[in-house]
2 protein chains.
Amino acid sequence: MTSQRPIPTLQDVATLAGVSTATVSRAINFPDQVAHVTRDKVNAAIAELGYSPNFGARAMAARRTNTIGAIIPTMENAIFARGLQAFQEELRRNGYTMLVASTAYQPDTEEEQIRSLVARGADALLLIGYRRNPAIYDFLDGQDVPVLLTWAFDPAATRPSVGFNNSAAMQEMAEKVIEMGHRRLALISAETAQNDRASARCDGIRQAMTAAGLGSDSLCFVETKYGINEGAAAFDRVMAHVPRPTAVFCGNDVLAVGALRRARECGISVPGDVSIIGFDDIELAQVVYPALTTVHVPHREMGRKAGQALVKHLRDGAALEPIEVHTKLVLRNTLGPP
Amino acid sequence: MTSQRPIPTLQDVATLAGVSTATVSRAINFPDQVAHVTRDKVNAAIAELGYSPNFGARAMAARRTNTIGAIIPTMENAIFARGLQAFQEELRRNGYTMLVASTAYQPDTEEEQIRSLVARGADALLLIGYRRNPAIYDFLDGQDVPVLLTWAFDPAATRPSVGFNNSAAMQEMAEKVIEMGHRRLALISAETAQNDRASARCDGIRQAMTAAGLGSDSLCFVETKYGINEGAAAFDRVMAHVPRPTAVFCGNDVLAVGALRRARECGISVPGDVSIIGFDDIELAQVVYPALTTVHVPHREMGRKAGQALVKHLRDGAALEPIEVHTKLVLRNTLGPP
DNA sequence: GCAAAAAATGTAAGGGCTTGCATTTCGCTG
DNA sequence: CAGCGAAATGCAAGCCCTTACATTTTTTGC
């Protein structure tokens, strides 16, 4: 299992091919700067030795890595998967590699991951949302690492982002729900403290309530950690509220699916007894029964545009501009009249 | 956004702290080899400069990265997420970092990812399943990168793995289903060509059928790509088969959930008209309605054990030994008598 | 208070690659 | 075929760390 012969280096390839290391390097990185026959010799030598360039050495010498880091709150469910997939595809098409890390929604972990990716030489970073310790932004500026934010869009923000207006999206949904006659609303939210998307979504509902003259403090608000079971548990708390809500918004589809499961377990009919509304429109939303009414986020478009923006910035020095993408209400079967 | 001052290096820290680079390096990597006051000075300098060590340089100098690569077929659904999470936690506890890459079930992509992770200096690799191009194993041996396989267990295999017996697990489930009276069986399988887990699961059913005197070629076998929609489409094909099967096995829960959705869309009652059986027991299985009968895989245990084994190997030079974990049938509500 | 051991620190040699610049080779033109 | 510009290649200086070894400082025992 352990080979005794040493790991081949550029030098070994050069010697075997009978050329200099510079030529080998160019044959690998800029093939058309090298004569055809030379290139063939080099490739043969590479194949024969099973050579693989040492990334660290390369990064150090070239001062770039063609790597872009993405840090997301969780990989456990598909919320970020589709967008990230599109992001990665876009990068790949342009010769960049994506490195992902996840934070389990812990700001400390995020900070650690940011440092780790920067140390690993990420040429740029994709982060979710705006809100984080300013010291981190200082660090990133100091390290000269461009940052693009996503999953949120605030035209007033100082940092560029590719995302959508969480507040407006949720407000639109809430208006719809209110228009259907719902008056007693509840929200099962992800933890808002460190999560600007969650708090924006909450704001959206409150604004719709105020606009409809409902008094935004009548909202039955429950905050919980992320997860299907957490959504289920939160649903119990919401249903225990007096007066019992007729429509339960959820900060994301994962929570909504948990709520929906719990409703079934308790024999509460959806949407007969209560309506449940999600956010994100992940695949899950169409699989559960009844199919989930939710806010569709154009994940792939968002990921793709983020990738394009970052590549353009890195390659051509184009400034990173804010880009807004648009959500859409998806009315399926968990929403009905009260 | 772009700082003009250059990115701080170890040397800068050393100068500012008034010590040598060696001392700074030690202060970072082996804090207790350095006097208390010196360490404080160094830390202050690091903080002041916003210094972050250059991973590439460090990897090159130290000839290890404390990084372990994991390559999985997909991140899109939760199949591998939980196991990987546990794997990562175990590594983290021991000072290692995990780097994930996904292949979209493409062998070529896997090969590329393997090379990329090796180039990035992965000290070891975690791969899914046994079956792959032997040249890759040669390459890894040549690069002296230890490999641990997982998600499969074959005591006869030459490579060590931490996993479960896919064939036996599926066979056990099939025996159960046959015992309940089902005679016309179908299987919606992931593509078996490059996927030894999928083909082992298929074999398991066939063996159970043979043992029960059913004639394993009466199995209605449909192969499809991975995905909920793919599972749904495959379900249509299976249901069109004459005679119509009474029990539909699925190679994994994602396909099963797709099949289940399609059944509902078509007004086919589950388990009244047809039983649907999954494999993996991911979170999804409990959320769908009716809750999915499936084979439980101890994902967390498997991930944890894989992490432990790899850490022990890297740190103490302990040999990588095969470890088997055990699956369990989970009888929920999609399986009933024919 | 001194010698010897232990602790702390410094010195300097790489580690594998890229790239600016210098040199050689090649293909043409006149 | 001399002469010239372009293409191909080579040379060698870094890039930023770690670590074996050497040196200095501190501690310890008597």
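Order of the sequence lines sets the chain letters (A, B, ...), proteins ahead of strands, with each chain counted from 1.
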What I want to find out is whether A:R64 reaches A:D144 closely enough, with some N-O distance under 4.0 Å, to be called a salt bridge.
no
Salt-bridge criterion met for A:E90 and A:R93 (N-O under 4.0 Å): yes
Rounded to the Å, how far apart are [X] [atom1] and [N] [atom2]?
X: B:R120; N: C:dC17; atom1: CZ; atom2: P; answer: 15 Å
X: B:L49; N: D:dC16; atom1: CG; atom2: P; answer: 14 Å
X: A:K41; N: D:dT9; atom1: NZ; atom2: C1'; answer: 11 Å
X: B:D32; N: C:dT9; atom1: CG; atom2: P; answer: 13 Å
X: A:L10; N: D:dC11; atom1: CG; atom2: C1'; answer: 15 Å
X: A:Q33; N: D:dT9; atom1: CD; atom2: P; answer: 11 Å
X: A:F55; N: D:dC17; atom1: CZ; atom2: C1'; answer: 16 Å
X: A:Q11; N: C:dC17; atom1: CD; atom2: P; answer: 9 Å

Q: Would you check if B:E48 and B:V13 make a side-chain contact, meaning some heavy-atom pair closer than 4.5 Å?
A: no
Taken in chain and number order and not counting sequence neighbours, the residues that satisfy salt bridge (charged side-chain N to carboxylate O under 4.0 Å, His left out) with A:E89 are A:R300
>> For a quick check of understanding: with a heavy-atom distance under 4.0 Å over all strands, which category does A:V24 fall into, base, sugar-phosphate or nothing?
In response: nothing
At under 4.0 Å between heavy atoms, what does A:Y51 touch on the DNA or RNA strands: base, sugar-phosphate, or nothing?
-> sugar-phosphate
As a test of reading the structure: which of [options] is closest to the side chain of [X], going by heavy atoms?
X: A:N54; options: D:dC17, D:dA8, C:dG16; answer: C:dG16
X: B:T38; options: C:dT9, D:dG10, C:dC17; answer: C:dT9
X: A:A57; options: D:dT9, C:dG10, C:dG16; answer: C:dG16

Interatomic distance, CZ@B:F55 vs CG@B:N66, rounded to 0.5 Å, equals 8.5 Å
When A:N54, A:T67, A:T97 are each screened for side chain to side chain donor-acceptor pair (under 3.5 Å) with B:R120, the one that passes is A:T67
Give me the distances for all protein-to-nucleotides 19-28 of chain C N/O pairs that come in under 3.5 Å?
unit_1 : atom_1 : unit_2 : atom_2 : d
C:dT19 : OP1    : A:R64  : NH2    : 3.2

Quiz item: Within the side chain of A:T150, is there an N or O that forms a donor-acceptor pair under 3.5 Å with the backbone of A:V162?
Solution: yes
Compare side-chain N and O positions of A:S20 against OP1 and OP2 of D:dG10 and report whether any pair is under 4.0 Å apart. yes
